[in-house]
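Structure first, commentary second.
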Amino acid sequence: MADKDFDFKRVGKRMPYVAPDGLWREMERNVLAEAGMVAVQKPKVTTLHRKHRFGRIVGLAAAVAAAAVLFWGTNAFWRQSQQVNLGDVDSAFGQLSNEDQNFLLEAYGDDVFLNNESDVIKM
Amino acid sequence: MISDADIIRTMESSSEQGLKLLMWKYMQPVYWHIRRLVVSHDDAQDASQETFVRIFKSFGSFRGDCSLRSWIYRIATNEALRAIGRRRGGSVSLDDDSVMTIAADEHWVDTGDEVAVKLQNAILSLPKKQQLAFSLRYYDELSFEEMAKVADSTAGSMKACYHLAKEKIVKYIREHD
């Protein structure tokens, strides 16, 4: 028999062919992409996420900007209105009689909030 | 080991999970089957990938009149022949009897394993149908009935092809010692 000349068991199923590392994973990825399962779906999901993330960043930036403008505007208005109000108070105080002025000074001279108010405005 | 019946059931309920199971079981056997026929790693990878894409796309036409394994190897063999044809700029069939050989500068080949190289060159010297018969029987251990389904032939013919191939391989090795 011809088998006696060459013993197939010497080689068995061994082959000289080599497969690169990571070949099976790469092939699976390529097949799934070609079948429309990974490459088509993943980028769509990624794109949506990116859009959402971008939208969130823009929204957050707009909110911060709006808050800054509102704070600055309110603060400026408040300072201005405080100055106007204090002027009015001074002029009203000047129109009071000496007795009334003395009464108010005695009654509110030690009031912590009234006396510190000017400091708060300065800040 | 997952059964072919499980793969078929899974393919029918979830094609993505089914395809993953199918690749998990058949990725390596299909690659090596094609590699033995085409030699080039790049061609084998392309043809293997194309095999699984075709399996996925035409799974609806699998009627179960042969084993899933036979059906997969049939598609893989067709892809391998197509890859060889692309290299040559023409079509190649199982009737092709042109001799192939492993080039000395072939990538992804361990040329240091002389006995293994010689056996593969002996196989590559055979007509395609005998190559196929030897490869399916010796490496993949298909039954002659399954082999017949792959080659669109008869079990008797495949048995004859296999034994003839074996004799020719022994003769080739003796002559190239």
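Protein chains get the first letters and strands the later ones, always in sequence-line order, with residue 1 at the start of each. Computation of the quantities below employed the complete heavy-atom set of this structure, encompassing side-chain atoms and omitting hydrogens, waters and symmetry-equivalent molecules.
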Consider only side-chain N and O atoms of B:Glu146 and B:Ser67, and report whether a donor and an acceptor are under 3.5 Å apart.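 Yes - a donor-acceptor pair under 3.5 Å links their side chains.
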Under a plain distance cut-off of 3.5 Å, with no hydrogens placed, do B:Ser98 and B:Asp96 share a side-chain donor-acceptor pair?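 B:Asp96 vs B:Ser98: donor-acceptor pair found between side chains.
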Mark yes or no: B:Arg36 above the aromatic ring of A:Tyr17, with NZ or CZ under 6.0 Å from the six-membered ring centre and no more than 45 degrees from the axis.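 Because its charged atom misses either the 6.0 Å distance or the 45° angle limit, B:Arg36 does not stack over A:Tyr17.
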Is it true that the NZ or CZ of B:Lys166 lies under 6.0 Å from the centre of A:Phe8's six-membered ring and within 45 degrees of the ring axis?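 Yes, B:Lys166 lies over the aromatic ring of A:Phe8.
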Where does [X] contact chain A at under 4.5 Å (heavy atoms): side chain, backbone, both or neither?
{"X": "B:Glu106", "result": "neither"}
{"X": "B:Ser15", "result": "both"}
{"X": "B:Met23", "result": "side chain"}
{"X": "B:Tyr139", "result": "both"}

